[in-house]
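All remarks here apply to the structure that follows.
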Amino acid sequence: FLPSLQVFPSQDPLDRADFNAVEYINTLFPTEQSLANIDEVVNKIRLKIRRLDDNIRTVVRGQTNVGQDGRQALEEAQKAIQQLFGKIKDIKDKAEKSEQMVKEITRDIKQLDHAKRHLTTSITTLNHLHMLAGGVDSLEAMTRRRQYGEVANLLQGVVNVLEHFNKYMGIPQIRQLSERVKAAQNELGQQILADFEEAFPSQGTKRPGGPSNVLRDACLVANVLDPRIKQEIIKKFIKQHLSEYLVLFQENQDVAWLDKIDRRYAWIKRQLVDYEEKYGRMFPQEWCMTERIAVEFCHVTRTELAKIMRTRAKEIEVKLLLFAIQRTTNFEGLLAKRFSGCTLADGTVKKPEVPPPSTNPFLEDETGTETDEIVIEKSDMDKPKKPKVPDNPFHGIVSKCFEPHLYVYIESQDKNLGELIDRFVADFKAQGPPKPNVDEGGAVLPSCADLFVYYKKCMVQCSQLSTGEPMIALTTIFQKYLREYAWKILSGNLPKTTSSSGGLTITSLLKEKEGSEVAKFTLEELCLICSILSTAEYCLATTQQLEEKLKEKVDASLVERINLTGEMDTFSIVISNSIQLLVQDLDAACDPALTAMSKMQWQNVEHVGDQSPYVTSVILHIKQNVPIIRDNLASTRKYFTQFCIKFANSFIPKFINHLFKCKPISMVGAEQLLLDTHSLKMVLLDLPSIGSQVVRKAPASYTKIVVKGMTRAEMILKVTQ
C-alpha cells in the first residue's frame with residue numbers, strides 16, 4: 001500500500017495506511033447538529049462507491065484480452081528475428097565470396113612483391129659478400145706489407161660488412177671468411193705489438209729520437225682492434241718511458257728521500273715536455289698519453305714513497321713531512337690545471353661543485369702555503385667569505401702515501417699547542433690584566449685571536465694532508481686546548497670573591513656600617529671580568545664556526561664525529577660565571593645599605609622627607625658599577641641585559657626580605673619606606689642606561705621583572721599602612 005501512495009500520492013483520508021473509521025465519522029459529524037446532514041453525506045459516499053465499482057469493472061474487462069494480444073506480439077517478434085538472422089547470413093556469405101575474389105586477384109601481385117624483396121636482398125647480400133671477400137684479401141695483403149694507414153680504414157669497413165652476415169654464419173663459405181677476418185685481426189695485433197717492442201725495447205737499446213709514421217698508423221689500427229691491444233701498447237710504452245725514473249730514484253739513492261722530493265716532480269715535467277716534442281703526434285689525441293704517463297708516474301711515486309717511508313720512519317720529522325706534502329700537493333694542483341683526469345682508475349671525472357659562500361671566519365684564501373699567517377679579526381665574522389676551492393681529481397693521488405705518517409704532525413701540533421697555552425698563561429701573568437678602556441668597550445684578549453689563527457693554520461694543513469682519521473685526531477687536540485684555554489686563561493684569571501688586599505669576605509662586607517665604602521672589585525678587576533666575558537663570547541661564536549668548518553673539511557662519513565658542543569658549553573659556563581661575579585659584586589656593595597635600612601627605628605619616624613640615606617648609598621653603588629660594566633660590554637649587549645636581569649632577580653627579593661625586618665613600623669615610617677621603594681624602582685627601571693648620554697629603552701623582559709618585584713614591595717608597605 002505504501003508504494004502505491006508514493007506513485008499516486010493522495011490527500012484522501014480513506015487512502016491513508018492508518019485509516020480509522022471512528023475518527024473519520026467523528027470528522028464528518030463533529031457535533032450533534034451536523035447529524036442533520038447525514039443523508040447528504042451517505043448519498044455522497046454511495047455515489048463514490050458506485051464510481052469506484054465502475055472503474056474496477058472497466059479495468060477488469062480491459063484485462064480480458066491482454067494475454068491473447070501478448071502472445072500475438074511475441075509471435076510477430078520471433079518471425080522478425082528469423083528474417084533478420086537470414087539477412088545477416090546472406091551478407092556474411094557474400095562477404096566471404098568477395099574476400100576470396102580479392103585474394104585471387106591479388107595473389108599474383110603478392111608473389112611479385114615477395115620476389116622483388118628477395119631479389120633486392122640477394123643482390124645486396126652478394127654485393128656485401130663481394131666487398132667482404134675483396135676486403136679480406138686486401139686486408140691480408142696490406143697486413144703483410146705493414147700498410148697500416150690503409151688497413152685502418154679498410155679494417156673498420158670489413159668489420160662493419162661482416163656484421164651483416166651474422167645470421168648467415170651457418171654457411172661454410174661465410175664462416176670461413178669470418179675466421180679469416182679474425183685471424184687477420186689477431187695477426188695485426190701481434191704484428192703491431194712486435195713493431196712497438198722493436199721500436200721501444202724494454203731493455204738494452206736507447207729510445208729513437210722521433211716518432212714513426214708506421215707506428216702512428218699502427219695506433220689507428222689498434223683503435224679498431226681488440227681494446228686489449230691498445231691497453232698493451234699504452235702499458236708497454238709508459239713502462240719503458242718510466243724505466244729511467246725507477247733507476248734514478250731507487251730506494252738506496254740519496255735523491256729518493258723526502259728532502260729531495262722536488263727532483264722527482266722536476267724529472268716528470270722534463271719527461272712530459274720531451275714526450276710532447278717527440279711522440280706527441282704519434283698517438284691519437286683521444287688516448288691522452290701525456291695524462292696517462294703523469295698518472296702512472298703518480299702511482300709509481302706513491303708506491304715508492306710509501307716503501308721508503310716505512311723503511312726510514314724514524315727519520316721523518318714534522319718540517320720534512322710538511323715540506324714533502326706541500327710540494328706534492330702543489331704538483332697535484334699543477335696536474336689538475338693541465339689535465340682533466342679522464343684517465344683515472346674509475347674512468348670518470350667528478351664535476352666539482354662550488355659550495356655557497358660561507359660565513360665561517362676561518363674560510364679565507366686557502367690556496368696559499370700553509371705557513372701564511374692570516375689574522376682573524378672579530379669584525380671579519382660578518383664579512384662574506386670566499387667559496388671553497390673546488391676539489392681536483394688528482395688530490396691524494398700521490399699525497400695519500402703520507403697519511404699513515406701524519407701522527408708525527410698531530411703529535412707535533414699537540415706539543416705546540418701545549419706550549420702556546422703555557423706562553424699565554426705566562427704572558428698574562430707578566431703583562432697583567434688589560435688596561436681599562438671604557439671608550440672602546442671591553443677588549444677581547446689578544447691570545448684568543450692567536451689561538452684561533454693557529455687553529456686555522458693547522459686545520460688548513462691537515463685538510464690538505466688528509467680528510468680522514470687525522471682530521472678527527474686533530475679535532476680531539478683542538479677540543480683539549482679549547483678547554484684548557486677556557487679554564488687556564490679565562491676562568492683561571494677571573495678575580496676571586498675574596499679581596500687580596502684587605503682579606504675582606506662577603507660576610508664581613510655585610511657587617512659594614514652604612515657610611516663605609518664598599519668596593520669589592522677595583523675598576524681594573526671589573527674591566528678584566530668584562531674582557532674575559534667578551535673573550536668567552538668570541539670564543540663561543542668562533543668555536544661554533546670552527547665546528548662547521550671542520551665538518552666541511554672532513555669526509556662525509558666522519559662528519560658525525562665532529563662535535564664541539566662540550567667546548568661551547570665550557571665557554572658558556574665562563575660567561576655565566578663572569579656575569580655572576582659582576583652581579584655578586586654590585587649586590588654585595590648594596591648589602592650594607594639594606595642592612596642599615598633594617599636597623600633603622602621606623603616607629604620613631606615623625607615626618608616624611610626626601611629619600612633615605614640607604615637609598616642614596618644603593619644608587620651611588622649602581623652609578624659607580626653599572627656604567628663601567630655597560631661600556632665594557634658594549635660589543636655584547638645581550639650579556640649586559642643578562643647582567644641587569646640577574647641583578648634585579650637578586651636585589652629585589654633581598655630588598656623585600658629586609659622590608660620584613662623593619663619592625664615595628666609607624667604610619668609615617670611606612671610612608672617613608674614607600675617613598676624609598678618608589679625611588680629604588682625608578683632607579684632600577686633606568687638601570688640599563690643609567691649614567692649614559694644615549695638613553696635607550698630598557699628591554700621589556702627586564703622592565704617586567706622590575707615592575708613585578710617592586711610593585712609587590714609597594715603592596716606590602718600599603719598593607720602595613
Side-chain angles (χ1 to χ4, degrees), residues 1-106 645 648-649 652-653 656 674 681 685 697-721:
F1 186 70
L2 286 176
S4 64
L5 287 178
Q6 295 174 358
V7 179
F8 304 105
S10 174
Q11 300 297 329
D12 194 337
L14 295 173
D15 293 334
R16 294 177 58 184
D18 56 347
F19 174 74
N20 191 315
V22 176
E23 291 180 359
Y24 181 70
I25 294 173
N26 289 335
T27 304
L28 294 177
F29 306 105
T31 61
E32 293 182 1
Q33 290 77 9
S34 62
L35 292 174
N37 299 327
I38 189 171
D39 293 334
E40 182 180 353
V41 173
V42 171
N43 290 333
K44 288 181 179 179
I45 292 175
R46 286 176 177 171
L47 178 61
K48 190 171 185 178
I49 291 172
R50 283 198 297 273
R51 288 177 178 173
L52 288 173
D53 289 341
D54 291 341
N55 290 338
I56 292 171
R57 190 179 301 110
T58 301
V59 171
V60 171
R61 289 175 180 174
Q63 294 296 322
T64 302
N65 298 326
V66 169
Q68 184 177 356
D69 294 342
R71 285 192 296 274
Q72 184 177 358
L74 180 61
E75 291 175 356
E76 291 176 356
Q78 289 176 344
K79 290 180 181 179
I81 291 172
Q82 289 177 355
Q83 292 175 358
L84 180 61
F85 181 75
K87 291 180 180 180
I88 292 173
K89 186 176 181 181
D90 291 341
I91 293 172
K92 182 179 179 182
D93 293 340
K94 291 179 180 179
E96 291 177 352
K97 291 180 181 179
S98 299
E99 183 180 0
Q100 186 65 28
M101 188 180 299
V102 170
K103 286 182 179 180
E104 291 176 356
I105 294 173
T106 60
I645 292 174
N649 283 328
I652 294 175
I656 293 175
L674 192 59
K681 178 180 178 181
L685 287 175
K697 185 178 179 181
S701 57
Y702 170 75
T703 303
K704 182 179 179 181
I705 292 172
V706 173
V707 171
K708 181 179 179 181
M710 297 307 289
T711 301
R712 179 168 176 262
E714 291 174 343
M715 292 301 298
I716 293 172
L717 292 173
K718 289 179 180 179
V719 170
T720 304
Q721 285 182 314

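- Annotation for Ala648 and Pro653: closest pair O-CD, 3.9 Å, computed over non-hydrogen atoms.
- Nearest heavy atoms, Thr711 versus Lys681: OG1-NZ, 3.7 Å.
- Contact record, Ile652 with Ile705: CD1-O, 4.1 Å, taken as the closest heavy-atom pair.
- Side-chain atoms of Glu96 and Lys92, non-hydrogen and from C-beta on, do get closer than 4.5 Å to each other.
- Residue Ile716 holds its CD1 atom at 11.5 Å from CG of Leu674, rounded to the nearest 0.5 Å.
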Kindly determine whether Asn55 and Val59 satisfy side-chain contact (heavy atoms from CB on, under 4.5 Å), including the steps that lead there.
CA-CA 6 Å; Asn55 290 338; Val59 171; 5.5 Å; no

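- Residue pairs meeting the side chain to side chain donor-acceptor pair (under 3.5 Å) criterion with at least one member in residues 42-51, sequence neighbours excluded, are Asp12-Lys48.
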Going through the distances and angles, do Glu75 and Lys79 end up as a salt bridge (Lys or Arg N to Asp or Glu O under 4.0 Å)?
CA-CA 6 Å; Glu75 291 175 356; Lys79 290 180 181 179; 5.8 Å; no

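- Looking at every heavy atom in both residues, Ser701 comes nearest to Ile645 through OG-CD1, 3.7 Å.
- Partners of Asp54 by side chain to side chain donor-acceptor pair (under 3.5 Å), not counting sequence neighbours, listed by chain and number: Arg57.
- Using a 4.5 Å cut-off on side-chain heavy atoms (C-beta onward), Ile38 and Leu28 make no contact.
- Side-chain atoms of Ile88 and Leu84, non-hydrogen and from C-beta on, do get closer than 4.5 Å to each other.
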